[in-house]
Amino acid sequence: TLNHFARDLGISTVAAEAVELAVRPEIRQVDVGVVNGRVFLNTSSVGGYVRYVRTRERLEHHLGYGLASLLAGVRMMTSVRRMGVEIEVKGRTKIFRTPLVFLGVGERELKFPVLGRRVPDGRRGLHVMVVKGRSRLHLVAIGMTAILRGLDAVSRAGHFDDIIADRLRIDMKGAGWVAVDGEVALLGTPLDYELRSGALSVVCPPAS
């Protein structure tokens with residue numbers, strides 16, 4: 001999963017440096033997300049990304065991570081399908097027809113070169129993003145706009161809903177396959193998400 005969690009906390013991905021850090025006394029309490037009892041550190045999603053992960057894992061053994069990721073992304077874009085989902089936050093329910101619902105622990109960037117990273121000093125909570133494209137071509141256009149111009153540009157155009165919440169419920173038809181930190185799990189529906197503030201103790205550099 002490209003060590004996003006470690007990088008966000010300033011932990012070196014060089015093994016010797018990480019081991020040196022591990023024996024130090026500095027500990028931080030960091031937030032995690034939970035869906036139907038399963039903890040995740042970074043992200044969770046339903047819809048198109050689940051198919052992307054499955055395709056990537058199937059190809060990775062033969063092609064390597066990079067090429068498998070590229071081909072899986074193309075496959076996801078060309079075979080994307082919308083699904084009906086109900087998202088309940090603070091007792092209010094909204095219904096969407098969407099190919100993808102994405103959740104990140106903490107406020108997230110959606111613009112290169114920091115796509116998917118936590119916003120420095122961003123808002124705490126689960127950052128929920130719902131794509132509202134009507135066709136495959138439209139979805140590709142939304143994706144390119146988000147990558148090149150950022151989340152705000154997509155939100156202003158009405159193609160993308162996003163909220164930050166501590167708790168929410170997602171209900172949809174089907175088996176309830178979910179991507180959790182880059183892995184696929186069958187958790188059933190409805191999906192109950194919550195933020196657990198400071199629930200994980202991590203040995204890492206000071207926050208400053």
Side-chain angles (χ1 to χ4, degrees), residues 1-46 49-50 52-54 56-57 60-61 64-66 68-69 72 87 89-90 100-129 146-147 150-152 162-170 176-188 190-208:
T1 56
L2 304 179
N3 287 313
H4 289 306
F5 183 70
R7 294 178 192 276
D8 288 344
L9 293 176
I11 298 172
S12 175
T13 57
V14 177
E17 295 175 359
V19 170
E20 182 179 349
L21 172 66
V23 299
R24 296 180 182 176
E26 293 89 353
I27 294 177
R28 285 171 55 191
Q29 307 302 128
V30 300
D31 300 343
V32 298
V34 179
V35 52
N36 287 13
R38 176 160 177 162
V39 173
F40 60 98
L41 306 179
N42 279 315
T43 63
S44 177
S45 60
V46 297
Y49 189 73
V50 172
Y52 164 81
V53 172
R54 284 175 163 172
R56 185 193 67 199
E57 290 179 343
E60 186 176 356
H61 299 292
Y65 184 87
S69 297
I87 300 180
V89 180
K90 295 181 179 179
L100 175 67
V101 180
F102 170 92
L103 298 94
V105 179
E107 187 175 6
R108 296 284 166 154
E109 300 275 11
L110 196 65
K111 187 175 182 180
F112 278 135
V114 290
L115 180 66
R117 293 184 188 173
R118 288 176 172 85
V119 175
D121 299 319
R123 291 173 289 173
R124 298 178 73 171
L126 297 174
H127 194 170
V128 187
M129 291 169 263
I147 289 171
L151 176 61
D152 289 342
D162 80 302
I163 59 171
I164 294 183
D166 291 337
R167 292 177 178 270
L168 66 139
R169 169 173 286 188
I170 297 178
W177 288 98
V178 185
V180 184
D181 282 338
E183 299 179 352
V184 174
L186 179 60
L187 301 183
L191 300 169
D192 289 310
Y193 284 90
E194 65 173 305
L195 180 81
R196 293 189 183 171
S197 298
L200 182 65
S201 301
V202 184
V203 179
C204 57
S208 61

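Along the sequence shown, residues carry numbers from 1.
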Check whether any side-chain heavy atom of V184 sits under 4.5 Å from a side-chain heavy atom of V178, and report yes or no.
no

Can you confirm whether R108 sits close enough to T43 that some side-chain heavy atom of one is under 4.5 Å from a side-chain heavy atom of the other?
yes

So, N3 side chain and T13 main chain: donor-acceptor pair closer than 3.5 Å or not?
no

Sub-3.5 Å donor-acceptor pair from the side chain of D192 to the main-chain atoms of N36, do we have one?
no

So do E26 and P205 actually touch side chain to side chain, heavy atoms under 4.5 Å?
no

Got a second to check how far N42's CG is from L103's CG, nearest 0.5 Å?
12.5 Å

Check: R118 and H127 side chains under 4.5 Å, non-hydrogen atoms:
no

Compare all side-chain heavy atoms of D162 with those of V128 and state whether any distance is below 4.5 angstrom.
no

With a 4.5 Å cut-off on side-chain heavy atoms, are V35 and I170 touching?
no

Would you confirm whether R167, through its side chain, and L195, through its main-chain N or O, come within 3.5 Å as a donor-acceptor pair?
no

Just by distance, do the side chain of E107 and the backbone of G122 share a donor-acceptor pair under 3.5 Å?
no

Are any non-hydrogen side-chain atoms of V101 and I87 less than 4.5 angstrom apart?
yes

Do F40 and F5 have side chains that approach each other closer than 4.5 Å (heavy atoms only, starting at C-beta)?
no

Thinking salt bridges, do R124 and D31 make one under a 4.0 Å N-O criterion?
yes

Under 4.0 Å between a Lys/Arg side-chain N and an Asp/Glu carboxylate O for E194 and R169?
no

For the backbone of Q29 and the side chain of S201, can you confirm whether one donor and one acceptor N or O come within less than 3.5 Å of each other?
no

